[in-house]
Protein chains: 2
Amino acid sequence: MAKNMRERILAAASNLFQARGINATGVDTIVAEAGIAKMTLYNHFKTKEDLVLEVVTRRSREFAERISARLDKSVVDPTEKLYKLFDYVGEWLADPQCSGLPFLKASAEFPQPDNPVHQLSAELSQEFRDYITGLAREAGIREPEALGLQLTMLIEGAVLSEQLSKGSNALEHARQAARILIESAKR
Amino acid sequence: MAKNMRERILAAASNLFQARGINATGVDTIVAEAGIAKMTLYNHFKTKEDLVLEVVTRRSREFAERISARLDKSVVDPTEKLYKLFDYVGEWLADPQCSGLPFLKASAEFPQPDNPVHQLSAELSQEFRDYITGLAREAGIREPEALGLQLTMLIEGAVLSEQLSKGSNALEHARQAARILIESAKR
DNA sequence: GTAAAAGCAGACAGAACGGTATAGCCCGGT
DNA sequence: ACCGGGCTATACCGTTCTGTCTGCTTTTAC
């Protein structure tokens, strides 16, 4: 049971943060959702902020690894990976329990640059961008940083648009834009 | 003075929401920043949420009008407007007191779809997208909705990237991507 | 000039916040 | 058999939250 506790707390917190926002979710609510005692939570996490940091990290890494695992497994052609990237983001976005890019939402709730959650979000966002830049580099793009950033912006914008107005088919349009940008960058 | 009170409250709230986030800013803090009595605030706004709604609306409209006013004044060629759009967003973004697109941050802090702030954010986001789609239509783009959404995603993503890691030159890369997309859409 | 409107200061209510303390229970290891 | 560590339940701390009330002063309008 001991090992499960931590996971249960993280899962409960993750769900609540996603549904109501981080600042709007109290410790008591997390405790109730996880079905545990308050002291148990504070036995595993020093403060609420520590819990927030770990939840944000996990969710972001889960997202990134879910995408990259699929890409590594099913695609070999490096350029094809860039296209497939949008397919897999689309699948992730179609999941009804998906609620946006974790590091983006976290950074919006903690705008102050010196805030630990904000700094973590910036790092995770950078990781994601670096990953896409890496894909562009493997695909032999001349300026992989430029295309990587552009594709990242498209994905972030698409996720936001889809969240704000469902059914806008944002990701499909992002994919079409990406194709044009990739082709243009290869020439 | 009576007319100024409202503006002073809105200005103070706007600054604080921008700097610390909406949920993290208490009414007492707003009152202190505005240099007024608490009852004066509640005399002008029924609840904090009412104040939030008006602040978000104003900031979003200010942004949109600042961009569109410049475009209408200085540019005549419809296609050129699409390019200049990124210049003016860039200038707005370079303003050190700028802190992201108001409706995006607000929607992140109030994720629940039935929340009034979230709904307002969705409407304001839609307004912005419609405006850009209108520009695309005037420029004779074949599928203005598609390009409008794509450019919107680029702008939103660029603003986020710039906020999360300053000096990434996100908007410049967004502009380059936009040029490619626009040229491709015109052909 | 005077009365009504609006602003002020500060106390206050009731709830929620993050976090702590305490006392007991249950269960596994030896 | 028993001991210790993790979990529970509950009460509690001080602070902060939104929102209200009151009594007094200033401004505004006619």
Side-chain angles (χ1 to χ4, degrees), chain A residues 1-57 105-106 108-112 114-118 120, chain B residues 1-57 105-106 108-112 114-118 120:
Chain A
M1 275 286 176
K3 193 73 175 298
N4 280 3
M5 285 289 104
R6 201 155 214 283
E7 301 302 322
R8 254 167 71 187
I9 297 168
L10 286 165
S14 183
N15 291 335
L16 288 167
F17 290 164
Q18 208 167 5
R20 314 184 186 186
I22 297 173
N23 277 321
T25 302
V27 173
D28 295 292
T29 314
I30 299 171
V31 160
E33 172 84 2
I36 60 160
K38 204 179 198 176
M39 275 309 296
T40 307
L41 189 151
Y42 279 100
N43 211 2
H44 284 282
F45 302 93
K46 225 176 63 183
T47 63
K48 184 194 175 184
E49 189 172 79
D50 277 18
L51 173 59
V52 172
L53 289 171
E54 185 151 343
V55 168
V56 172
T57 304
K105 306 194 94 178
E109 288 211 57
F110 301 90
Q112 301 155 97
D114 59 338
N115 183 291
V117 180
H118 186 91
L120 174 70
Chain B
M1 277 286 176
K3 191 70 174 301
N4 280 4
M5 285 289 105
R6 205 157 212 283
E7 302 302 321
R8 256 167 68 187
I9 297 168
L10 287 165
S14 182
N15 290 336
L16 289 167
F17 290 165
Q18 208 167 5
R20 316 184 185 188
I22 297 172
N23 277 321
T25 302
V27 173
D28 295 294
T29 314
I30 300 171
V31 160
E33 172 85 2
I36 59 161
K38 204 179 202 179
M39 273 311 294
T40 307
L41 189 152
Y42 278 100
N43 210 1
H44 284 282
F45 302 92
K46 225 177 63 186
T47 63
K48 184 194 176 184
E49 187 173 80
D50 278 19
L51 173 58
V52 172
L53 290 170
E54 186 151 342
V55 168
V56 172
T57 305
K105 307 194 93 180
E109 288 211 56
F110 301 90
Q112 301 155 96
D114 60 337
N115 182 291
V117 181
H118 186 92
L120 174 70

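Atom-to-atom distance recorded for B:Leu120:CG and B:Thr57:OG1 is 4.0 Å, nearest 0.5 angstrom. Distance check, rounded to the nearest 0.5 Å: CD of A:Glu109 to NZ of B:Lys105 gives 11.0 Å. Summarising the geometry, atom CD1 belonging to A:Ile9 is positioned 4.0 Å from atom CD1 belonging to A:Ile36; distances are rounded to the nearest 0.5 Å.
When rounded to the nearest whole Å, the span between CG of A:Asn43 and P of C:dG19 equals 14 Å. To the nearest angstrom, P of D:dG6 lies 13 Å from CZ of A:Arg6. The separation between B:Lys48 atom NZ and C:dA16 atom P is 16 Å, rounded to whole Å. As rounded to whole Å, 13 Å separates atom C1' of D:dG19 from atom CG of B:Asp50.
Pairs engaging residues 40-52 of chain A under the salt bridge (Lys or Arg N to Asp or Glu O under 4.0 Å) rule: none recorded [sequence neighbours left out]. A salt bridge (Lys or Arg N to Asp or Glu O under 4.0 Å) check over residues 16-43 of chain A, counting only residues at least two apart or in different chains, returns the pairs A:Asp28-A:Lys38.
Contacts with DNA chain D (heavy atom under 4.0 Å) in residues 11-33 of chain B: B:Thr25, B:Gly26, B:Val27, B:Asp28, listed by number.
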Item to complete: Apply side-chain contact (heavy atoms from CB on, under 4.5 Å) to B:Glu54 and B:Arg6, showing your working.
Response: CA-CA 11 Å; B:Glu54 186 151 342; B:Arg6 205 157 212 283; 2.7 Å; yes
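Distances shorter than 4.0 Å separate some side-chain N or O of A:His44 from OP1 or OP2 on D:dC7.
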Pairs of donor and acceptor atoms involving the side chains of residues 10-19 of chain A, under 3.5 Å and at least two apart or interchain, shall be tabulated with distances.
from    : atom 1 : to      : atom 2 : distance (Å)
A:Ser14 : OG     : A:Arg59 : NH1    : 2.1
A:Asn15 : ND2    : A:Ala11 : O      : 3.3
A:Gln18 : OE1    : A:Arg59 : NH1    : 3.3
A:Gln18 : OE1    : A:Arg59 : NH2    : 3.0
A:Gln18 : NE2    : A:Gln97 : O      : 2.7

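Two end axes, each from the C1' atoms of five base pairs, can be drawn for the helix from C:dG1-D:dC30 to C:dT30-D:dA1; they diverge by 10°, to 10 degrees.
The closest side-chain heavy-atom distance from A:Ile22 to A:Val55 is not below 4.5 Å. A 4.5 Å side-chain heavy-atom check between B:Leu51 and B:Val27 finds every atom pair outside the cut-off.
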Check nucleotides 8-11 of chain D for protein N or O atoms closer than 3.5 Å to its own N or O atoms and list the pairs.
from  : atom 1 : to      : atom 2 : distance (Å)
D:dT8 : OP2    : A:Ala37 : N      : 3.0
D:dT8 : OP2    : A:Thr40 : OG1    : 2.8

